[in-house]
Protein chains: 2
Amino acid sequence: MMNFQYYAPTQVVFGKDTETQVGELIKAQNGTKVLVHYGTGSVIRTGLLDRVCASLNEAGIPYVSLGGAVPNPRLSLVYEGIELAKKEGVNFILAVGGGSAIDSAKAIALGMKYEGDVWDLYLKKSQAKAGTPLGVVLTIAATGSEMSDSTVITNEEGWLKRGLHSALIRPRFAVMNPELTYTLPEYQTMSGCVDIMMHTLERYFSHEMNTELTDYLAEGLLKTVMHAAKILLKDPKNYEARAEVLWAGSLSHNGLTGCGRTGDWACHQLEHELGGMFDVAHGAGLSAVWGSWARYVYHSDVARFAKFAVNVMGIPYDYADPEKTVLEGIEALENFFRSIRMPVSITELGVELGEDQMKELAYKCTYMETRTIGGIQKLGKEDIEKIYRMAK
Amino acid sequence: MMNFQYYAPTQVVFGKDTETQVGELIKAQNGTKVLVHYGTGSVIRTGLLDRVCASLNEAGIPYVSLGGAVPNPRLSLVYEGIELAKKEGVNFILAVGGGSAIDSAKAIALGMKYEGDVWDLYLKKSQAKAGTPLGVVLTIAATGSEMSDSTVITNEEGWLKRGLHSALIRPRFAVMNPELTYTLPEYQTMSGCVDIMMHTLERYFSHEMNTELTDYLAEGLLKTVMHAAKILLKDPKNYEARAEVLWAGSLSHNGLTGCGRTGDWACHQLEHELGGMFDVAHGAGLSAVWGSWARYVYHSDVARFAKFAVNVMGIPYDYADPEKTVLEGIEALENFFRSIRMPVSITELGVELGEDQMKELAYKCTYMETRTIGGIQKLGKEDIEKIYRMAK
């Protein structure tokens with residue numbers, strides 16, 4: 001087991017009707033003026049925003065609102081939020097929505113306390129020293145941003161997408177009511193399930209074998225999400241399945257499933273560049289490349305891939321031919337992705353990828369050939385091109 | 001799944017040589033004068049205290065020391081600590097040791113900020129409003145106090161043992177180096193393993209079935225500890241096994257393994273009163289009563305006990321006779337306890353329990369017949385007497 005740090009200080013308030021506690025939760029954090037930050041309308045249509053504002057009113061906490069956060073949240077809205085929050089004397093930010101609203105709120109929280117241009121922080125030109133505290137009412141199980149210390153923002157000038165990590169932006173609380181996810185379209189629900197699984201799989205695939213407890217937690221989480229996803233395909237308002245997925249989403253990305261190991265993260269990089277060039281859902285992009293990545297790298301750690309096949313996918317271990325076990329495990333996960341209508345190739349993702357584009361993506365993945373990606377096997381530009389070709 | 005809150009804000013710093021980071025960790029918490037609080041000598045003998053103090057010196061943080069915390073930590077030492085810390089202008093407390101040193105440090109942390117007698121807080125006459133921040137260098141895997149919000153103190157006047165919960169005393173950080181647990185005697189190591197398992201089992205046994213993820217986490221934790229305990233029996237300096245047990249100890253009692261369910265806690269109550277009457281190690285007391293409790297209550301939830309038997313103890317499910325599966329599961333856990341030289345009866349615990357004493361213990365368990373205990377089955381005085389008799 002490698003040395004590790006684990007720090008997940010967000011107070012989780014989980015279950016039915018928990019959004020009515022928002023006012024009291026903010027009061028406990030000494031918030032006296034709130035910026036309510038949300039997305040593009042679904043929280044209005046469902047009445048959630050009204051319920052949240054009612055809770056603030058009940059607690060006697062004044063607030064201002066700013067909607068408009070979109071997938072790949074934009075810097076321009078962040079600037080708008082910073083200006084509004086400063087002008088109004090806001091001292092607490094409440095994100096109502098999914099990863100986009102949360103990441104945007106995190107950027108506003110840092111920008112409010114930073115003298116210069118908040119984008120400097122994302123470009124690593126400067127480091128954040130303070131941030132306005134923030135809380136979350138979560139409406140999508142996917143990114144895990146509700147318990148994480150990270151934010152990703154897109155600058156429309158040049159369409160640069162950049163992320164940063166800071167302990168200052170871990171949400172103080174996350175209100176998680178599974179019922180709020182009932183109305184998500186199937187594609188978004190399933191893409192979220194893949195995203196959650198991949199946050200765990202990226203941590204699972206690295207060489208360290210002596211992490212028995214971490215492995216059990218990861219394997220249990222993966223099995224839980226797979227089981228729940230199949231239920232939600234037929235019954236999207238199944239409370240128990242929604243609850244399992246929602247909780248798994250947080251635990252998948254708060255560090256717990258990676259304690260004592262390094263992680264791989266090559267698939268995230270492969271998808272990140274793909275998502276930069278084409279407009280694809282993050283989870284769907286991940287399922288489209290995972291199988292090809294796995295088949296390309298598994299020789300580097302047959303034991304690890306066999307453990308995954310047996311413990312997660314329920315494949316019987318073939319003592320005479322462990323590689324057979326591995327390949328059956330990879331195929332079984334691809335079949336699972338298919339069963340929840342997620343793509344297992346880039347074509348199925350709806351993208352026609354040309355040879356030149358593959359080369360460009362591989363070039364970008366390696367930061368213009370200045371680095372390799374991946375942990376279980378280090379991948380250079382040539383490797384990455386081959387994986388994109390396999391995944392086509 | 002029931003509604004739940006999960007809040008575990010302690011920063012875990014896990015692995016080899018991590019105790020050398022203590023000075024910097026306290027600096028990050030703005031600690032400028034420290035009370036180092038520890039037990040009865042082993043931390044001196046092993047040189048740990050010297051290393052910790054060297055780290056404080058290196059960070060330029062002055063400190064005072066107070067040793068002497070004993071199992072069932074005493075109120076008199078707490079008073080002494082409060083006086084010393086106030087006189088010296090301490091603004092951070094560092095516990096170096098196991099549950100006793102940590103619980104004692106928590107009491108000092110609350111007492112320093114409370115105008116009246118700190119014991120009032122334990123008697124629930126008053127509620128804590130503030131506490132001095134504290135951190136931990138852990139030397140025993142057992143109680144989980146390093147991530148918990150609870151403290152138990154014994155008042156020598158009348159030998160009253162009382163606990164309290166407060167968010168104010170969650171350690172800011174927990175430094176956990178598995179090597180520091182190498183020198184623990186076998187009995188203490190194994191008793192700690194039982195304690196850790198029981199923190200999870202008490203949460204596992206309640207009626208709610210729709211907690212798939214929580215159950216996987218709990219089952220994985222139990223299997224990890226059982227596997228590691230057997231290794232440590234033969235090889236007490238096995239780093240990986242020590243590491244698994246140490247991390248399991250924290251996760252077992254920080255709330256994670258109980259999310260979405262109520263828990264039972266009857267065995268803890270049975271042991272608590274037994275431990276009050278006789279001087280027994282907590283974990284050993286728990287293993288001595290568990291099997292009898294399980295056989296007495298399993299009829300109330302055969303499905304739950306069968307799930308335990310199959311998923312944790314590896315018993316094949318008997319579709320024709322589920323109770324057979326349950327009983328085999330209970331026997332298998334008792335056999336595990338035997339295999340790590342832990343008692344499975346009160347006699348094996350070294351206690352000769354008379355009929356009058358059983359009645360007295362049962363009377364105390366029910367707070368003089370004013371309440372029942374247990375979740376999976378509510379137990380009154382008569383039930384408890386029967387369980388003690390079965391466990392004899």
Side-chain angles (χ1 to χ4, degrees), chain A residues 1-18 21 28 147 167 170 172-174 176-178 208-225 227-228 238-248 250-252 254-257 259-260 311, chain B residues 1-18 21 28 147 167 170 172-174 176-178 208-225 227-228 238-248 250-252 254-257 259-260 311:
Chain A
M1 196 186 295
M2 297 171 61
N3 283 13
F4 67 87
Q5 291 220 12
Y6 176 72
Y7 183 51
T10 303
Q11 180 186 2
V12 172
V13 182
F14 194 102
K16 288 178 185 173
D17 300 323
T18 43
Q21 297 176 39
M147 280 188 93
R170 284 198 191 263
R172 299 295 178 95
F173 62 77
M176 295 161 62
N177 177 356
E208 178 64 57
M209 285 301 278
N210 294 308
T211 53
E212 196 173 341
L213 179 52
T214 295
D215 286 357
Y216 273 127
L217 304 184
E219 290 158 3
L221 192 148
L222 292 165
K223 287 186 279 189
T224 300
V225 174
H227 186 230
N238 184 300
Y239 181 84
E240 303 300 341
R242 286 284 184 190
E244 299 288 358
V245 170
L246 195 62
W247 187 215
S250 298
L251 293 186
S252 199
N254 76 357
L256 184 72
T257 60
C259 290
N311 290 0
Chain B
M1 196 187 295
M2 298 172 60
N3 283 14
F4 67 87
Q5 290 221 12
Y6 176 71
Y7 183 51
T10 303
Q11 180 186 3
V12 172
V13 182
F14 194 102
K16 288 178 186 173
D17 300 323
T18 43
Q21 297 176 38
M147 280 189 94
R170 283 199 192 261
R172 299 296 177 96
F173 63 77
M176 296 162 63
N177 176 356
E208 178 65 57
M209 283 302 277
N210 295 308
T211 53
E212 196 173 341
L213 179 52
T214 295
D215 286 357
Y216 273 127
L217 304 184
E219 290 158 3
L221 192 147
L222 291 165
K223 287 187 278 191
T224 300
V225 174
H227 186 229
N238 184 301
Y239 181 84
E240 303 300 341
R242 287 284 185 191
E244 298 289 357
V245 170
L246 196 60
W247 187 216
S250 298
L251 293 186
S252 199
N254 75 358
L256 184 71
T257 60
C259 290
N311 290 1

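So you know, we letter chains A, B, ... as the sequences are listed, proteins then strands, and number each from 1. Bear in mind that the values here come from a model prediction, so they are computed numbers and not experimental data.
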For residues B/L251 and A/L256, determine if any side-chain heavy atom of one lies less than 4.5 Å from a side-chain heavy atom of the other. yes

Is the shortest side-chain heavy-atom distance between A/W247 and B/C259 below 4.5 Å? yes

At their closest point, which heavy atom of [X] faces which heavy atom of [Y], and how far apart are they?
X      : Y      : value
A/Y216 : B/G220 : CD1-O, 3.3 Å
A/M1   : B/Y239 : O-CE2, 4.0 Å
A/P9   : B/Y7   : O-CE1, 3.1 Å

Structural part of B/S250 lying under 4.5 Å from a heavy atom of chain A: neither

Quick check for you: to the nearest 0.5 Å, what is the distance between [X] atom [atom1] and [Y] atom [atom2]?
X      : Y      : atom1 : atom2 : answer
A/N3   : B/N177 : CG    : CG    : 7.5 Å
A/E208 : B/E240 : CD    : CD    : 6.0 Å
B/L217 : A/T257 : CG    : OG1   : 10.5 Å
A/Y6   : B/M147 : OH    : CE    : 6.0 Å

Please rank A/T10, A/L221, A/V12 by heavy-atom pairs under 4.5 Å with chain B and give me the top one.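 Option with the top pair count is A/V12.
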
Give a yes or no on whether the backbone of B/E244 and the side-chain of A/E212 come within a donor-acceptor separation of less than 3.5 Å. no

At a 4.5 Å cut-off on heavy atoms, which part of A/F173 comes close to chain B: side chain, backbone, both, or neither?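 Neither; nothing under 4.5 Å.
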
